[in-house]
Amino acid sequence: MNVALWICAGLLATVALFGGITKTFVPREKLAAAPGGAWTGEISAGFVKSLGVLEILAAAGLILPAVLDIAPVMVPVTAICWIALMVGAMITHLRHGERLPVVVNLVYLAVAVFVAWGRLGPQSFIG
């Protein structure tokens, strides 16, 4: 179970890091032209970059607290925040009629639920 939780947290961290770097450093116009990226054309570049920075922080929050043994409770807290982000992403993609990104976000949400449940319950870093 512990290995599965580490793998899932690592997968989410990889996704968050890639998405965060993309949103932070790729121009908004280029993101808007990409499949599933139409929403970025409707909001400010600053908001897109802010989401990118939050995703980079999420990548760190899913791994570093446990690895460094500094506030490891932040791993499930970050996973819960990721759940909220995925709900928002699914709503945004549904509003644009984009079904595939919704399915992908639902998978990420399920993985985050598993990490949050596992790290708050059976394989908690605390106690």
Side-chain angles (χ1 to χ4, degrees):
M1 173 80 126
N2 188 43
V3 172
L5 288 165
W6 273 107
I7 290 169
C8 288
L11 170 70
L12 285 180
T14 302
V15 167
L17 185 62
F18 178 76
I21 289 171
T22 301
K23 287 178 186 79
T24 303
F25 298 108
V26 174
R28 186 178 63 131
E29 295 75 23
K30 190 170 181 180
L31 290 173
W39 65 272
T40 60
E42 299 172 359
I43 57 176
S44 72
F47 184 77
V48 175
K49 290 187 185 310
S50 295
L51 279 177
V53 169
L54 288 174
E55 288 183 18
I56 292 169
L57 291 172
L62 286 163
I63 301 295
L64 292 180
V67 169
L68 300 175
D69 196 26
I70 299 173
V73 72
M74 290 309 296
V75 173
V77 169
T78 303
I80 291 168
C81 291
W82 187 260
I83 292 166
L85 183 68
M86 290 301 101
V87 169
M90 290 182 346
I91 291 168
T92 300
H93 288 297
L94 280 172
R95 286 182 177 168
H96 285 90
E98 301 166 337
R99 300 205 189 312
L100 181 60
V102 172
V103 173
V104 172
N105 293 142
L106 187 59
V107 171
Y108 296 151
L109 183 145
V111 174
V113 166
F114 175 67
V115 171
W117 168 79
R119 291 306 183 199
L120 287 173
Q123 289 292 315
S124 176
F125 292 121
I126 301 166

Can you name the nearest heavy-atom pair linking [X] to [Y], along with the distance?
X: D69; Y: P72; value: OD1-CG, 3.9 Å
X: A38; Y: E98; value: CB-OE2, 3.8 Å
X: A9; Y: V115; value: N-CG2, 3.8 Å
X: Q123; Y: R119; value: O-NH1, 2.9 Å

Compare all side-chain heavy atoms of [X] with those of [Y] and state whether any distance is below 4.5 angstrom.
X: W117; Y: P122; answer: yes
X: I80; Y: L120; answer: yes
X: V67; Y: W6; answer: yes

State yes or no: do [X] and [Y] share one hydrophobic cluster built from I, L, V, M, F, W and Y residues joined by side-chain heavy-atom distances below 4.5 Å, directly or via other members?
X: F18; Y: V15; result: no
X: W82; Y: L106; result: yes
X: M74; Y: L85; result: no
X: V104; Y: V87; result: yes
X: L17; Y: V77; result: no

To the closest 0.5 Å, what do you measure between [atom1] ([X]) and [atom2] ([Y])?
X: M86; Y: T92; atom1: CE; atom2: OG1; answer: 10.0 Å
X: K49; Y: L31; atom1: NZ; atom2: CG; answer: 8.0 Å
X: F114; Y: M1; atom1: CZ; atom2: CE; answer: 5.0 Å
X: I83; Y: N105; atom1: CD1; atom2: CG; answer: 13.0 Å

Mind listing the side-chain donor-acceptor pairs of residues 50-65 below 3.5 Å, one per line with the distance, residues two or more places apart or on another chain?
{"from": "S50", "atom 1": "OG", "to": "G46", "atom 2": "O", "distance (Å)": "2.8"}
{"from": "E55", "atom 1": "OE1", "to": "G20", "atom 2": "N", "distance (Å)": "3.1"}
{"from": "E55", "atom 1": "OE1", "to": "K23", "atom 2": "NZ", "distance (Å)": "3.3"}
{"from": "E55", "atom 1": "OE2", "to": "K23", "atom 2": "NZ", "distance (Å)": "3.0"}

Task: Polar side-chain atom of R28 near backbone of I43 as donor-acceptor pair, under 3.5 Å - done: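 Yes, R28 side chain to I43 backbone: donor-acceptor pair under 3.5 Å.
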